[in-house]
Colleague: 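Before anything else, here's the structure in question.
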Amino acid sequence: MFNSKISGLGKYLPENTVTNDDLSKIMDTSSEWIIERTGINERRHIKKGDGNTTATMGVKAAKIAIERAGIDKNDIDLILFATLSPDYYFPGSGVLVQELLDIPTCPAMDIRNQCSGFIYAIATADQFIKSGMYKNILVIGSENHSGGLDMSTRGRGVSVIFGDGSGAAVLSREEDLSQGILSSHLHSEGKYAEELSLIGPSTNRWVPEILDANDPEDISYYPNMNGQLVFKNAVVRFSEVIMEGLTHNNLGPEKIDMLIPHQANLRISQFIQKKFGLSEDKVFNNIQKYGNTTAGSIPIALTEAWEDGKIKQGDIVVLAAFGSGFTWGSSIIRW
Ligand code: UT7
């Protein structure tokens, strides 16, 4: 019997910072609106020509995580890559990372669960390690949102929220079963698939030669979100799945040392904090600086919390996410 533990963490954010004021110059929005509704002050966007892609940002985060894990890249048995913004339609970005890291023939698999992608990837990695099949698994969450957002006023409800960035973790075999990933809890509800989605390009809707901004079909090449419905479901599902994880491990909310929620909206994190009676220092938020980086958000936040010395050995760390699918999940970790 084995457990898995996070043995190394890394993150990479592109240098180019886009403030709320920058956005208000290109669309009808304001810093006040964005801060009041989301808590976001600024986000990072890849700049044309800076060499960043979903995969290359993932590699930068991964190299740091591998070094901190104290392993050689050739000790990695599997790469799991979570993203909704892959470099190519196919193949997935995992194989690009494998090539860039120069790890010959190691298996690479992409996970397509959007904001919950990193939790789904952690759960998958944990099972491969618990079964004894693999010892070290590289898990990456990475997004290049800025390449595909509608930056006109029409897209403002979505495009002010999302940012680019990448986080990575190495999961390694742990023989002490009281440590590491204690459990993960996953859910989805496909009836809401189109409420937060990018419908095309897809096998249902290939890209036409010329995009027509007035054609509703062409508008679907941008992400769309039913913000209020997503918000309402998020607060319910976040609460449920955190409680499910705690109950499974006979823990109460007072045992949480650090909650790392997916950085969807500062208001959602604050709601959860209050609901579980947690003090501010027990819930980590960095959406103010980076926006919502979807699959990147939890590993970026986890890395930053750890780098800031906010996570210590023995701590109960809870990861929780909700997003497109709808999908949601939690992981309960003893650090
Ligand atoms: O990571 C995946 C999970 N995602 C989430 O959890 C996101 C959940 N949803 C939300 O965070 C919020 O719904 C938003 C932040 C996206 C939107 O906030 P809201 O309070 O739900 O606003 P709304 O969509 O109801 O829009 C209110 C008004 C509308 O104008 P009218 O119809 O009242 O005249 C919008 O057109 O605000 C307008 N609006 C904006 N105004 C200025 C929408 N976006 C903007 C904007 N700047 N960027």
Side-chain angles (χ1 to χ4, degrees), residues 38-39 80-85 110-127 139-143 145 158 161-162 167 169 181-198 223-249 251 253 256 258-276 278 283-287 291-302 316-333:
T38 70
L80 293 176
F81 195 100
T83 189
L84 64 66
S85 50
D110 278 36
I111 304 259
R112 296 206 42 188
N113 287 76
Q114 302 68 247
C115 304
S116 313
F118 188 75
I119 303 273
Y120 270 75
I122 288 275
T124 307
D126 184 45
Q127 294 305 312
V139 179
I140 299 172
S142 186
E143 302 289 359
H145 281 301
V158 171
I161 296 169
F162 293 97
I181 315 287
L182 301 180
S183 64
S184 294
H185 307 268
L186 307 176
H187 298 277
S188 56
E189 199 171 23
K191 74 175 172 192
Y192 294 122
E194 296 197 359
E195 303 295 343
L196 175 46
S197 59
L198 198 166
N224 82 85
M225 173 165 70
N226 180 346
Q228 292 198 2
L229 182 84
V230 175
F231 194 104
K232 280 181 199 148
N233 278 267
V235 290
V236 173
R237 297 309 192 184
F238 262 112
S239 306
E240 281 177 6
V241 83
I242 292 168
M243 208 54 224
E244 182 184 351
L246 291 173
T247 306
H248 183 86
N249 292 285
L251 299 168
I256 297 176
M258 181 55 76
L259 171 63
I260 311 273
H262 161 55
Q263 303 291 294
N265 184 321
L266 191 59
R267 308 292 160 244
I268 296 176
S269 297
Q270 288 167 337
F271 177 91
I272 302 299
Q273 182 196 323
K274 279 206 191 90
K275 172 143 191 177
F276 285 96
L278 302 171
V283 182
F284 191 81
N285 288 302
N286 59 9
I287 190 172
N292 178 345
T293 55
T294 307
S297 114
I298 290 181
I300 291 169
L302 183 59
I316 292 291
V317 177
V318 176
L319 315 180
F322 174 87
S324 160
F326 294 154
T327 60
W328 61 101
S330 65
S331 291
I332 315 294
I333 304 169

Colleague: Could you measure the distance from the CZ atom of F81 to the CD1 atom of I140? Nearest 0.5 Å is fine.
Modeller: 5.5 Å
Colleague: Please find the pair of heavy atoms, one from I111 and one from G117, that lie closest to each other, and give the distance.
Modeller: CG2-O, 3.9 Å
Colleague: Scan side-chain atoms only and decide if H187 and E244 contain a donor-acceptor pair under the 3.5 Å cut-off.
Modeller: yes
Colleague: Using the rule given for side-chain hydrogen bond (donor to acceptor under 3.5 Å, both in side chains), can you reason through S85 versus E143, listing the C-alpha separation, both sets of side-chain angles and the distance that settles it, and then say yes or no?
Modeller: CA-CA 6 Å; S85 50; E143 302 289 359; 2.5 Å; yes
Colleague: Using every non-hydrogen atom in the two residues, find where I268 and A234 come nearest and quote the distance to one decimal.
Modeller: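 Taking every non-hydrogen atom into account, CD1-CB, 3.8 Å.
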Colleague: So F276 and S239, do their side chains get closer than 4.5 Å, heavy atoms only?
Modeller: yes
Colleague: Going from CG on L246 to NE2 on H248, what distance comes out if it is rounded to the nearest 0.5 angstrom?
Modeller: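 If we round to the nearest 0.5 Å, L246:CG and H248:NE2 are 11.5 Å apart.
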Colleague: From the options L84, L198, I161, select the one residue that forms a side-chain contact (heavy atoms from CB on, under 4.5 Å) with P223.
Modeller: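 So, applying the side-chain contact (heavy atoms from CB on, under 4.5 Å) to P223 and each of L84, L198, I161, only L198 qualifies.
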Colleague: Can you name the nearest heavy-atom pair linking F238 to A320, along with the distance?
Modeller: CE2-O, 3.3 Å
Colleague: Heavy-atom distance under 4.5 Å between the side chains of V230 and F322, does that happen here?
Modeller: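 Of all side-chain heavy-atom pairs linking F322 with V230, at least one is under 4.5 Å.
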Colleague: Looking at CZ of R237 and CZ of F326, how far apart are the two atoms once the value is rounded to the nearest 0.5 Å?
Modeller: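 Result: 9.5 Å between the selected atoms.
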Colleague: Answer whether the closest heavy-atom distance between the side chains of E240 and V236 falls below 4.5 Å.
Modeller: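 In short, these two side chains touch, coming nearer than 4.5 Å.
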Colleague: If only atom types and distance count, is the side chain of N233 paired as donor or acceptor with the main-chain N or O of L229 below 3.5 Å?
Modeller: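 At least one qualifying donor-acceptor pair exists.
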Colleague: Compare every heavy atom of A321 with every heavy atom of C115, then report the nearest pair and how far apart it is.
Modeller: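 The pair with the smallest heavy-atom distance is O-CB, 3.5 Å.
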Colleague: Can you find a side-chain donor-acceptor pair between N265 and T38 that sits under 3.5 Å?
Modeller: no
Colleague: Counting only heavy atoms not in R267 (residues, nucleotides, ligands), do more than 12 fall under 6.0 Å from its CZ?
Modeller: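 More than 12 heavy atoms, drawn from other residues, nucleotides or ligands, come within 6.0 Å of this atom.
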Colleague: After noting the C-alpha distance and the side-chain angles of L319 and L302, does the key distance pass the side chain to side chain contact (heavy atoms under 4.5 Å, CB included) rule?
Modeller: CA-CA 9 Å; L319 315 180; L302 183 59; 4.1 Å; yes
Colleague: So, the side chain of Q263 versus the backbone of N286: is there a donor-acceptor pair under 3.5 Å, distance only?
Modeller: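 The answer is yes, because a donor-acceptor pair under 3.5 Å joins these two groups.
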Colleague: Can you confirm whether the side chains of T293 and H145 place a donor and an acceptor under 3.5 Å from each other?
Modeller: no
Colleague: Where the side chain of N249 meets the backbone of L251, is there a donor-acceptor pair that is under 3.5 Å apart?
Modeller: no
Colleague: How far does CG of N285 sit from OG of S269, to the nearest 0.5 angstrom?
Modeller: 4.0 Å
Colleague: Any idea which heavy atoms bring S184 and A123 closest together, and the distance?
Modeller: CB-CB, 3.7 Å
Colleague: Would you mind reporting whether H262 and W328 have side-chain heavy atoms less than 4.5 Å apart?
Modeller: no
Colleague: Can a side-chain donor-acceptor contact be found between S197 and N224 if the only test is distance below 3.5 angstrom?
Modeller: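 N224 vs S197: donor-acceptor pair found between side chains.
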Colleague: By salt bridge (Lys or Arg N to Asp or Glu O under 4.0 Å), which residues pair with K191, not counting sequence neighbours?
Modeller: E189
Colleague: With the side chain counted from C-beta on, respond yes when M258 and F284 share a heavy-atom pair under 4.5 Å apart, and no when they do not.
Modeller: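 In contact.
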Colleague: Tell me, please, which residues at least two apart from T327 pass side-chain contact (heavy atoms from CB on, under 4.5 Å).
Modeller: N113, S116, Y120, S188
Colleague: Where is the tightest heavy-atom contact between S331 and I119, given as atom of each residue plus distance?
Modeller: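 For S331 versus I119, the nearest heavy atoms are OG-CG2, 4.0 Å.
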Colleague: Taking T83 for its side chain and S142 for its backbone only, find out whether a donor-acceptor pair lies under 3.5 Å.
Modeller: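 Yes; judged by distance alone, with no hydrogens or angles, the pair exists.
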Colleague: For a 4.5 angstrom cut-off between non-hydrogen side-chain atoms, does P261 reach V283?
Modeller: yes
Colleague: Would you please test L259 and L278 for side chain to side chain contact (heavy atoms under 4.5 Å, CB included) and show each step?
Modeller: CA-CA 9 Å; L259 171 63; L278 302 171; 4.1 Å; yes
Colleague: Could you tell me the separation between the CD1 atom of I333 and the CG atom of L182, rounded to the nearest 0.5 Å?
Modeller: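 So the gap between those two atoms works out to 8.0 Å.
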